[in-house]
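The structure appears below as structure tokens.
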Amino acid sequence: MAIYTLPELPYDYAALEPVINPQIIELHHDKHHAAYVKGANDTLEQLAEARDKDQWGAINGLEKSLAFHLSGHILHSIYWNNMASPKGGEGGGEPVAADGVGELADAITESFGSFAAFKAQLTKASATTQGSGWGVLAYEPISGRLIVEQVYDHQGNVGQGSVPILVFDAWEHAFYLQYKNQKVDFIDAMWQVVNWQDVQKRYTDAKGRTPLIGI
């Protein structure tokens, strides 16, 4: 029985135009994200077989495969909900108290000095990933601050224990059909569709988790 399932998109394929065209959304969600879900489930089955047979010759590859596919599934699941239609002011702009996201706005200012400084750091982190990767705004529970992480593939170069609350997908499949090799143009455009309500909710949830003990 499959443990992980592909979540439905919270909007239709055309909702994020003109920032992301419908063809990209359809392929990205229905093909690429679906492949990570299948990969995670398939790897879990292979690990179960290894346990049943007490055969561990492939353990290193299986653990790496699980981390890759499961992280891809988790990050994409956040990614879809991190975005909202730019039409009618649903997505984009910056978090402000008047929109009910003042706590997030204050945390960004405290952690980075200003929204502009945070935006510049996450933009650069996302746009300069070498090869495939993500730019991530995460809540770091030890300090209680927000940090920006540059994630290679789906799972590398991550501070252990940090909780992603805003993710920018910088893999080529996220933008190439529309933006060609201009990754930086895609990342700049992404700010027009950020769903700050979703980011605020993730920030609140992350703060409410039990902090790491003994560190």
Side-chain angles (χ1 to χ4, degrees), residues 16 18-20 71 74-171 174-175 179 182-215:
L16 302 179
V19 174
I20 310 177
S71 295
I74 291 170
L75 287 170
H76 279 93
S77 297
I78 296 170
Y79 179 66
W80 304 124
N81 288 286
N82 270 171
M83 296 184 288
S85 174
K87 304 163 188 174
E90 295 176 39
E94 63 180 89
V96 293
D99 294 332
V101 291
E103 183 184 13
L104 174 65
D106 290 344
I108 288 174
T109 299
E110 180 180 354
S111 298
F112 301 99
S114 67
F115 177 80
F118 153 68
K119 181 178 178 180
Q121 184 175 345
L122 183 55
T123 297
K124 292 296 184 182
S126 305
T128 60
T129 51
Q130 295 177 324
S132 301
W134 299 72
V136 175
L137 173 66
Y139 175 74
E140 196 284 288
I142 304 301
S143 65
R145 297 173 64 85
L146 297 173
I147 60 172
V148 165
E149 297 178 326
Q150 189 180 55
V151 180
Y152 297 109
D153 289 335
H154 298 310
Q155 76 280 18
N157 206 29
V158 177
Q160 300 302 309
S162 60
V163 181
I165 64 173
L166 173 63
V167 298
F168 282 2
D169 192 341
W171 285 60
F175 64 87
Y179 292 86
Q182 298 304 311
K183 183 191 296 187
V184 66
D185 291 344
F186 170 65
I187 300 302
D188 283 340
M190 276 292 298
W191 292 100
Q192 300 175 44
V193 296
V194 174
N195 182 350
W196 292 115
Q197 300 291 334
D198 182 70
V199 182
Q200 169 71 69
K201 180 180 181 301
R202 294 179 187 280
Y203 173 63
T204 302
D205 290 347
K207 284 184 64 179
R209 298 183 185 184
T210 302
L212 299 177
I213 304 299
I215 296 179

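Just so you know, residue 1 is the first one in the sequence shown, and it goes up from there. Excluded from the calculations below are hydrogen atoms, water molecules and symmetry mates; all remaining heavy atoms, backbone and side chain alike, are included. Here the structure is a predicted model, which is why all the values come from computation and not from measurement.
Across all their heavy atoms, Glu90 and Ser85 have their closest contact at CB-O, 3.1 Å. What you find for Pro164 and Val136 is that their closest heavy atoms are CB-CG1, 3.7 Å. For the pair Glu149 and Ala138, the tightest heavy-atom approach, listed with the atom from each and the gap, is OE1-CB, 4.1 Å. When all heavy atoms of Tyr179 and Val19 are compared, the pair lying nearest together is OH-O, 2.6 Å. Here the shortest heavy-atom pairing between Gln200 and Leu104 reads OE1-N, 3.0 Å. For the residue pair Phe175 and Ala170, the shortest heavy atom distance occurs at CE2-O, 3.7 Å.
For the residue pair Ser126 and Lys183, no side-chain donor N or O sits within less than 3.5 Å of a side-chain acceptor on the partner.
The backbone N or O of Ser77 sits less than 3.5 Å from a side-chain atom of Asn81, completing a donor-acceptor pair. Remark: side-chain polar atoms of Arg145 are paired, donor with acceptor, to backbone N or O of Glu110 under 3.5 angstrom. Judged by distance alone, with hydrogens and angles left aside, the side-chain atoms of Ser111 form no donor-acceptor pair with the main-chain N or O of Ile108 at under 3.5 Å. Between the side chain of Thr129 and the backbone N or O of Ser132 there is no donor-acceptor pair closer than 3.5 Å. Looking only at distances, no side-chain donor or acceptor of Gln192 sits under 3.5 Å from a matching main-chain atom of Gly93. Listed for the Asn82 side chain is a donor-acceptor partner under 3.5 Å among the backbone atoms of Ile165. Checking side-chain atoms of Asn195 against main-chain N and O of Gln197 turns up a donor-acceptor pair under 3.5 Å. Of the possible donor and acceptor atoms, one in the side chain of Asp169 sits under 3.5 Å from a partner among the backbone N and O of Trp171. In this structure a side-chain-to-backbone donor-acceptor pair under 3.5 Å is present from Gln150 to Ala125.
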Side chain to side chain contact (heavy atoms under 4.5 Å, CB included) between Trp196 and Val96, intermediate numbers included: CA-CA 9 Å; Trp196 292 115; Val96 293; over 6 Å; no
Side chain to side chain contact (heavy atoms under 4.5 Å, CB included) between Trp134 and Tyr79, intermediate numbers included: CA-CA 10 Å; Trp134 299 72; Tyr79 179 66; 4.0 Å; yes
Residue pair Glu140, Leu146: steps toward the side chain to side chain contact (heavy atoms under 4.5 Å, CB included) verdict: CA-CA 6 Å; Glu140 196 284 288; Leu146 297 173; over 6 Å; no
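Pairs engaging residues 192-202 under the salt bridge (Lys or Arg N to Asp or Glu O under 4.0 Å) rule: Asp198-Arg202, Lys201-Asp205 [sequence neighbours left out].
Between Ile20 and Met83 there is a side-chain heavy-atom pair separated by less than 4.5 Å. For the pair Val158/Val151, a side-chain contact is recorded, criterion being any heavy-atom separation below 4.5 Å from C-beta on.
Legend: residues meeting ring-ring contact (aromatic ring centres under 6.0 Å, His included) with Phe112, ordered by chain and number and at least two apart, are Phe118.
Checked against the 6.0 Å centroid criterion, the rings of Trp191 and Phe168 qualify as a close aromatic pair.
For Lys87, the NZ atom sits in a packed shell: over 12 heavy atoms of surrounding residues, nucleotides or ligands are nearer than 6.0 Å.
To the nearest 0.5 Å, atom NZ of residue Lys119 and atom CG of residue Leu137 are 14.0 Å apart. With rounding to the nearest 0.5 Å, the separation of CD1 in Ile142 from CD in Gln160 is 11.5 Å.
In this structure, Lys207 pairs ionically with Glu103, as a charged nitrogen and a carboxylate oxygen lie closer than 4.0 Å.
Among Val167, Val194, Val101, the single residue meeting the side-chain contact (heavy atoms from CB on, under 4.5 Å) criterion with Val199 is Val194.
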